[in-house]
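Okay, structure first, notes after.
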Amino acid sequence: MTSAQRLEVQRNALATTRIREHAIGEPAAGEIVVAIDRFALTANNITYGVAGDKIGYWQFFPSDGDWGVIPVWGFADVIASAHDEITVGERLYGYWPMGTHLVMQPGRISDTRCFDVSAHRAELPPVYNAYSRCNAEAHYDPAMDDARMLLLPLYATSYCLYDFLVDNEFFGASQVIVPSASSKTAIGLAYALDSDDSDKHVVGMTSAGNLEKVIALGLYDQVITYDELAAIDATSPSVIIDMSGNGDVLAALHRHLADNMKFTSNVGITHYEHNTMGDGFIRDRSRMFFAPGHMQKRAKDWGPGEFEKRSFAFWYDAAKRSDAWLSYRHIDGAEAMAQCYQDVLAGSTDPNQGLIIRPGAAS
């Protein structure tokens, strides 16, 4: 028997948590047991919790009653296997619970990838059920583990957003406005826009505390605080890529831009307590963005593997550029994991720091 722990949250009260201890026995035929080595924790994971019922995030690692497990991206090692094609010692990259162990049922196996085909995951987006078999990857570099788990999910979304804008000809906009510009997904989008030859005017909005850091990135044409919203040129047709879900800010932007607000893509909901949209919010030109849906569209447009190839190349380049401002902090053990989660939920973490959780390590 293996003693396991995981962090669970109240699905309708995300600040209420518990560390649940449970025992994992030997895997049944066709199953494996993995020990989760490390995972990244970002504001994006808070979005998973806020949108858990709407998009189905609670279904990946089910709990009981009103409790749920927020998914995270990271690495795990196989410690027990009753599967003919997966061996003990394999390293997997993918989607994990915030905890120490997971029982999986691998299927659809290739040299470099497998899927968890457990029955409760059958209807969930394939991108979340796929796991990379790191030992067989030609490009696998253990030195990039922290960057990969932190930035690949975020910068893949950034790339999706950029490609979504290109695919829709920027909705006729000449100005791109990015609230929560200090978020890593926003910075990834800014990298993509910085390399684009369409010459859009990119406005980053951020808090006063993050203003200097966002300016120092040198990626946005204009950086303002939320109370300086009136400084945005309301005569320019604009598209908003929102990472915060702050209804007050979005409604104020829509009122300010009026007919020149061409489209709003709602990406994140980190400011979940302000998620009710205020007066003036233009719903018929606003949509929630779901990156896996865009990935599936591009798989049909471009053929199998092409999106992954392009997005991986983008992530690798953007991750290298991010070394100029990003550092990593490692947090060990379940109790420290729980406190770190509260810090991310409260928005009190340093945006220039990547949080890497090692749930089974001694604190």
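Positions are given from 1, in the same order as the sequence printed here. Computation of the quantities below employed the complete heavy-atom set of this structure, encompassing side-chain atoms and omitting hydrogens, waters and symmetry-equivalent molecules.
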Holding to side-chain contact (heavy atoms from CB on, under 4.5 Å), I want the full list of residues that pass it with [X], two or more places apart in sequence or in another chain.
X      : value
Ala181 : Val214, Tyr220
Ser81  : Ile32, Val78, His83, Ile86, Val88
Ser286 : His254, Met261, Thr264, Asn266, Phe281
Ala291 : Thr157, Cys160, Phe289, Met295

Please name all residues satisfying ring pair (Phe, Tyr, Trp, His ring centres under 6.0 Å) with [X], sequence neighbours left out, ordered by chain then number.
X      : value
Tyr155 : none
Tyr140 : none
Phe170 : none
Tyr162 : none

Is [Y] close to [X] at the side-chain level, that is, under 4.5 Å between some pair of heavy atoms?
X      : Y      : value
Val239 : Asn168 : no
Glu90  : Val34  : no
Met337 : Pro359 : yes
Ile331 : Leu355 : yes

For this session: Report the C-alpha separation of Gln175 and Ser238 in whole Å, then their side-chain angles, then the decisive distance to 0.1 Å, and conclude whether the side-chain hydrogen bond (donor to acceptor under 3.5 Å, both in side chains) test is met.
Result: CA-CA 5 Å; Gln175 180 168 250; Ser238 301; 2.8 Å; yes

Problem set entry | Ring centroid separation Tyr93 to Tyr131 under 6.0 Å | no

Exercise. Strictly under 6.0 Å, is that where the ring centroids of Phe61 and His120 end up?
Worked result: no

Main-chain N/O of [Y] paired to [X] side chain as donor or acceptor, under 3.5 Å:
X      : Y      : result
Ser195 : Ala192 : no
Thr42  : Asn44  : yes
Glu31  : Ala28  : yes
Asp167 : Asp163 : no
Tyr226 : Ser180 : yes
Asp221 : Val203 : no
Asn246 : Val249 : yes
Asn129 : Arg121 : yes
His256 : Ile232 : yes

Any salt bridge linking [X] with [Y]? Criterion: basic side-chain nitrogen under 4.0 Å from a carboxylate oxygen.
X      : Y      : result
Asp301 : Lys297 : yes
Glu137 : Arg133 : no
Asp194 : Arg321 : yes

Starting at [atom1] of [X], measure out to [atom2] of [Y] and round the result to the nearest 0.5 Å.
X      : Y      : atom1 : atom2 : result
Ile224 : Thr206 : CD1   : OG1   : 10.5 Å
Cys134 : Arg91  : SG    : CZ    : 6.5 Å
Met149 : Leu151 : CE    : CG    : 10.5 Å
Leu7   : Ile70  : CG    : CD1   : 7.5 Å
Ile46  : Leu345 : CD1   : CG    : 4.5 Å

Exercise. Which pairs with one or both residues in residues 336-345 pass side-chain hydrogen bond (donor to acceptor under 3.5 Å, both in side chains), sequence neighbours excluded?
Worked result: Gln339-Asp343

Exercise. Under the side-chain hydrogen bond (donor to acceptor under 3.5 Å, both in side chains) rule, what pairs show up with a residue in residues 56-73, not counting sequence neighbours?
Worked result: Glu8-Ser63, Arg18-Asp64, Arg20-Ser63, Tyr48-Trp73, Tyr57-Tyr128

Problem set entry | Row check, Phe307 ring normal vs Arg298 NZ/CZ: under 6.0 Å, within 45° | no

For this session: Please report the C-alpha distance between Tyr316 and His139 in whole Å, then the side-chain angles of each, then the deciding distance to 0.1 Å, and finally whether the ring pair (Phe, Tyr, Trp, His ring centres under 6.0 Å) criterion is met.
Result: CA-CA 11 Å; Tyr316 192 85; His139 57 69; 8.7 Å; no

For this session: Assess whether atom CG of Asp111 is packed by more than 12 heavy atoms of other residues, nucleotides or ligands within 6.0 Å.
Result: no

Problem set entry | Arg310, CZ atom: more than 12 neighbouring heavy atoms under 6.0 Å | yes

Exercise. Do you know which two heavy atoms are closest between Arg285 and Ala258, and how far apart they sit?
Worked result: NH2-O, 3.4 Å

For this session: Work out which heavy atom in Ile24 is nearest to a heavy atom in Ala4; give both atom names and the distance.
Result: CD1-CB, 3.9 Å

Seminar exercise, completed: salt bridge (charged side-chain N to carboxylate O under 4.0 Å, His left out) filter on Asp53, not counting sequence neighbours, yields Arg11

Exercise. Looking at His22, Glu21, Glu335, which hits side chain to side chain donor-acceptor pair (under 3.5 Å) with Gln5?
Worked result: Glu21

Identify all side-chain donor-acceptor contacts of residues 184-191 below 3.5 Å with residues at least two apart in sequence or on another chain.
unit_1 : atom_1 : unit_2 : atom_2 : d
Lys184 : NZ     : Pro351 : O      : 3.1
Lys184 : NZ     : Gln353 : O      : 3.4
Tyr191 : OH     : Trp325 : NE1    : 2.9

For this session: Apply the test salt bridge (charged side-chain N to carboxylate O under 4.0 Å, His left out) to residues Asp146 and Arg38: give CA-CA distance (whole Å), side-chain angles for both, the deciding distance (0.1 Å), then the verdict.
Result: CA-CA 9 Å; Asp146 287 353; Arg38 60 185 64 196; 3.3 Å; yes

